[in-house]
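Working notes for the structure below.
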Amino acid sequence: MCMATLTRRLQILLDDDRMDRLEGLADDRGTSVAALIRQAIDAIYPDQASSRRRAADDLLAAEPMPVDGWATMKQERASMLDRD
């Protein structure tokens, strides 16, 4: 993420255990605590475009499903509609 796009400040209070964990992870990964928190936000609360992109990627990566011929599928769909 480009630093120029970071324009909003957030202040939170953490207990010692959480802060120690974050500082240890940041040190292990060679990054900042702030960067870890931004990554966690993106992972847990992705924006709508990211969610849609991930869903599309999952759909495209899925194994092909066996299907019957078009005539059979059309008949099955018609019988499903008749039940409703």
Side-chain angles (χ1 to χ4, degrees):
M1 177 176 283
C2 178
M3 292 301 286
T5 63
L6 302 177
T7 59
R8 304 286 301 267
R9 180 176 297 273
L10 172 67
Q11 182 175 339
I12 62 171
L13 298 174
L14 298 174
D15 56 61
D16 290 337
D17 181 55
R18 286 186 176 109
M19 192 64 196
D20 291 344
R21 282 187 282 155
L22 285 171
E23 288 173 338
L25 282 169
D27 189 49
D28 290 347
R29 296 179 184 184
T31 190
S32 67
V33 169
L36 286 180
I37 293 171
R38 286 190 294 271
Q39 290 169 3
I41 291 168
D42 290 344
I44 301 300
Y45 305 106
D47 63 4
Q48 192 173 25
S50 295
S51 295
R52 287 181 178 170
R53 191 175 314 110
R54 188 174 314 125
D57 289 344
D58 290 347
L59 184 61
L60 292 172
E63 290 292 320
M65 293 174 40
V67 294
D68 294 321
W70 173 246
T72 305
M73 290 173 45
K74 188 175 178 181
Q75 183 180 18
E76 288 174 359
R77 178 67 180 144
S79 68
M80 289 170 58
L81 291 174
D82 289 341
R83 282 186 259 153
D84 293 339

Quick check: closest heavy atoms across [X] and [Y], and the distance to 0.1 Å?
X     : Y     : answer
Pro46 : Ala43 : CD-O, 3.9 Å
Ser32 : Ala26 : C-CB, 3.8 Å
Glu76 : Asp68 : OE2-OD2, 3.7 Å

Among Ile, Leu, Val, Met, Phe, Trp and Tyr joined by side-chain contacts under 4.5 Å, find the other residues sharing a cluster with [X] and list them by chain and number.
X     : answer
Met65 : none
Tyr45 : Ile44
Val33 : Leu10, Ile12, Leu14, Met19, Leu22, Leu25, Leu36, Ile37, Ile41

> Within a radius of less than 6.0 Å around CD of Gln39, do more than 12 heavy atoms belonging to other residues, nucleotides or ligands occur?
Replying inline: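 Yes, CD of Gln39 has more than 12 neighbouring heavy atoms, counting only those of other groups under 6.0 Å.
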
> Rounded to the nearest 0.5 Å, how far apart are CG of Asp57 and CZ of Arg52?
Replying inline: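 Between Asp57 CG and Arg52 CZ, I get 14.0 Å after rounding to 0.5 Å.
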
> Can you name the residues that form a side chain to side chain contact (heavy atoms under 4.5 Å, CB included) with Ala49, not counting sequence neighbours?
Replying inline: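 Testing Ala49 for side chain to side chain contact (heavy atoms under 4.5 Å, CB included), a comparison that skips the adjacent residues, returns Asp47, Arg53.
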
>> Which residues pass the side chain to side chain contact (heavy atoms under 4.5 Å, CB included) test with Ala40, not counting sequence neighbours?
In response: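 Not a single residue meets the side chain to side chain contact (heavy atoms under 4.5 Å, CB included) criterion with Ala40.
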
> For residues 15-31, which residue pairs qualify under side chain to side chain donor-acceptor pair (under 3.5 Å), counting only residues two or more places apart or in two chains?
Replying inline: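 Found Asp15-Arg18, Asp17-Arg21.
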
> Are the side chains of Lys74 and Arg77 in touch, meaning some heavy atoms are under 4.5 Å apart?
Replying inline: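 The answer is no; the side chains never approach within 4.5 Å.
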
